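Note that the coordinates shown come from a computational prediction; the quantities given were computed from them, not determined experimentally.
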Amino acid sequence: MPLLALTVDDAVLKTEEPFMRIATRDGRWFATRVTNPLGSPANPVGEAAFFDKTRGLCGMALSAPAVGRLIAGVHDLGGDPDMPWLGDVLGPPRPPPVFD
């Protein structure tokens, strides 16, 4: 028996409130509905958390200064919709990270 099984309920798409049900090995069940999960319209991700995640994910492919320029560019998208800074941010390709 797997330790964790994920089942997607089509009703979640309508309510946007995931329902969690956990069965323990001794046969007990626990259930709850997750109201307003992080990222939902009622509980949006804050700017600081969003850019922290951006730094972590983009940092696997871009240098720290490039990620900083990307974030600054996103902040100023309304100022220059042609994004001339994007080529500088991307620069030459880097090899993908290796995970052990």
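Arg55 places none of its side-chain heavy atoms less than 4.5 Å from the side chain of Phe50.
Hydrophobic cluster membership differs between Leu57 and Phe51, with clusters built from Ile, Leu, Val, Met, Phe, Trp and Tyr side chains linked at under 4.5 angstrom. Residue Ile71 is not grouped with residue Met60 when hydrophobic side chains (ILVMFWY) are merged at heavy-atom distances under 4.5 angstrom, including chains of intermediate members. Side-chain heavy atoms closer than 4.5 Å link hydrophobic residues (I, L, V, M, F, W, Y) into clusters, and following such links, possibly through other members, connects Val74 to Leu62.
Side-chain atoms of Asn36 never come within 3.5 Å of backbone atoms of Ala42 as a donor-acceptor pair (strictly under, hydrogens ignored). In terms of modelled atom types and a separation under 3.5 Å, the side chain of Asp26 and the main chain of Arg28 share a donor-acceptor contact.
Considering all non-hydrogen atoms of both residues, Val67 and Gly59 come closest at CG2-N, 3.9 Å.
Annotation: the span from Ile22 atom CD1 to Trp29 atom CH2 amounts to 10.0 Å, rounded to 0.5 Å.
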